[in-house]
Trainee: 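Please see the structure below; I have some questions.
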Number of protein chains: 2
Amino acid sequence: MTVSELTASAQDYLKMIWSSTEWAEAPITVGAMAERMALKPSTVSDGIRRLAKQGLVTHAPYGSIELTPAGRAHAVEMVRRHRLLETFLVQVLGYGWDEVHDEAEILEHAVSDTMIQRIDEKLGHPTRDPHGDPIPSGNGLPHRPQGDPLTSVEPERTVTITRISDADPDMLRYFTQLGLGPDTRLQVLAHRPYADVTTIRVGDRDVDLGPSAAEAIWVVAN
Amino acid sequence: MTVSELTASAQDYLKMIWSSTEWAEAPITVGAMAERMALKPSTVSDGIRRLAKQGLVTHAPYGSIELTPAGRAHAVEMVRRHRLLETFLVQVLGYGWDEVHDEAEILEHAVSDTMIQRIDEKLGHPTRDPHGDPIPSGNGLPHRPQGDPLTSVEPERTVTITRISDADPDMLRYFTQLGLGPDTRLQVLAHRPYADVTTIRVGDRDVDLGPSAAEAIWVVAN
DNA sequence: CATGAATGTTAGACTGGCCTAACAAAACTG
DNA sequence: CAGTTTTGTTAGGCCAGTCTAACATTCATG
Ligand SMILES: [Mn+2]
Ligand SMILES: [Mn+2]
Ligand SMILES: [Mn+2]
Ligand SMILES: [Mn+2]
């Protein structure tokens, strides 16, 4: 029943499927998974077939990919591991928020349940990782995240950042330069649709963000 | 050149070969490796062949197994990782010395060079692990251990423990009960050869140790 | 020193995980 | 709605790592 009976690869597939529904609606496709995991579609197709055989996902050929309850439990556990480890690396080992994702991507498969528990205790049961993402609790219930992409906020609104996608370390370093992180307040000045640029005011500074940056930032009104 | 180009299995084989010469003389055999790694001899034989193909060991069929300089460098690096991680788990996460070996056996393959470096810095460049074993330095030079098995000490001598084999967690818990650990002073009272019992005095208490316990403890005169 | 026991190697099978190439299905689009 | 493009699956190959079973070599002892 514990996650560590699965191969690292299976753990990553499940985590990816689950994550695809955390901040977006559309169910994930084989092609998108292959893209995001830097694998070939044939490899993913095969992997999904193995997961289905283990009862962790349901999948009819050419059909949609859905986690079973067992698959979802494993996936949430992996997300918990990943985010606790990221938090640990920042808090205890002095990593920057742009350095932790790749390290956690490996460690999440290697640490024992015991170690996760001790990390959780040492950190005082944190609820958000360094990128603002919610850390699911030990009993598998996610702390429900909130927010919407910066691109969907009406101009003139002042908002607070809830999370920033941890996918691109370079982008995170750029955000650090700008003083943008979880809980940063900012004002949306304008969206320029055909230029695909969002202008924000953070502190006393006006900044233009391209679409990939603006989509990586999620905010709530305040 | 870094250790992480190797599979976890290759890393473990190299570490085992190297470790077999740290505290004992005789070169390791396929059978002994299989025994200690809980594998079949045919599996190890095959693994050694792969390592030889990569230039990490020399081995003629039915002949002895020797590390090449490259193999030795990788092996020492793995020992460094293992022992630093054990120390980290005890110092930072509050593990007991009997709990760290199995955890480190996995983590050693997963942590990055960066993480090892930060752990080393956080711990202040420790030179011995929780079992008293020397931690090779970053440049690959082992801190030369010293000592001899308790079984080889003449009666009446007072000695100090330098290291205790970390192979058996149950035995470590037993030693904890007795107050035995690295740097503990004790007096050897007698060896009873046919009973295979070594009697020691530690603090104000006399204790009989069987051969497996007495061989797990290494000491220096003082 | 011959022979049986102990030790080590090879052969063949299986799994997971990846790939490329060929093929099949589904989704657009004129 | 037929044809084309996109997407997904299957077939076949490869490698690492494990096993069991069969075979080869070495060692030790009578
Ligand atoms: Mn991962
Ligand atoms: Mn994160
Ligand atoms: Mn290991
Ligand atoms: Mn140790």
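What you are looking at is a predicted structure, and each value in this text was computed from that prediction instead of being measured. In what follows, chains are A, B, ... by sequence order, proteins preceding strands, each numbered from 1.
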Trainee: Rounded to whole Å, how long is the line connecting atom NZ of A:K40 with atom C1' of D:dG8?
Mentor: 15 Å
Trainee: What is the distance from atom CZ of A:R81 to atom CG of A:L107, rounded to the nearest 0.5 Å?
Mentor: 10.5 Å
Trainee: Considering only heavy atoms and no angle criterion, is a donor-acceptor pair shorter than 3.5 Å present between the side chain of A:S45 and the base of D:dT10?
Mentor: no
Trainee: Using a strict cut-off of less than 4.0 Å between a Lys/Arg side-chain nitrogen and an Asp/Glu carboxylate oxygen, indicate whether B:D129 and B:R80 qualify as a salt bridge.
Mentor: no
Trainee: Could you tell me how far apart B:Q11 (CD) and D:dA16 (C1') are, to the nearest whole angstrom?
Mentor: 14 Å
Trainee: Between C:dC18, D:dC19, C:dT9, spot the one nearest the side chain of B:L39, thanks.
Mentor: D:dC19
Trainee: Closest approach to the side chain of A:P41, judged atom by atom: which nucleotide of D:dT9, D:dA16, D:dC19 is it?
Mentor: D:dT9
Trainee: What's the closest nucleotide to the B:Y62 side chain, out of D:dT10, D:dA24, C:dA26?
Mentor: D:dA24
Trainee: Please classify the nucleic acid contact of B:T7 as base, sugar-phosphate, or nothing, using heavy-atom distances under 4.0 Å.
Mentor: sugar-phosphate
Trainee: Which nucleotide, C:dT9, C:dC19, C:dG16, lies nearest any side-chain atom of A:S42?
Mentor: C:dC19
Trainee: In whole angstrom, what separates B:I65's CD1 from C:dT7's P?
Mentor: 14 Å
Trainee: Taking atom types as they are modelled, is there a donor-acceptor pair under 3.5 Å from the base of D:dT7 to the side chain of A:T29?
Mentor: no
Trainee: Kindly indicate whether the side chain of A:E154, heavy atoms from C-beta on, has any atom under 4.5 Å from the side chain of A:H191.
Mentor: no
Trainee: Is there a salt bridge (Lys or Arg N to Asp or Glu O under 4.0 Å) between A:E99 and B:R118? Walk through the geometry before answering.
Mentor: CA-CA 13 Å; A:E99 299 177 306; B:R118 300 210 182 183; 3.2 Å; yes
Trainee: Select base, sugar-phosphate, or nothing to describe what B:T43 touches, counting heavy atoms under 4.0 Å on all strands.
Mentor: base
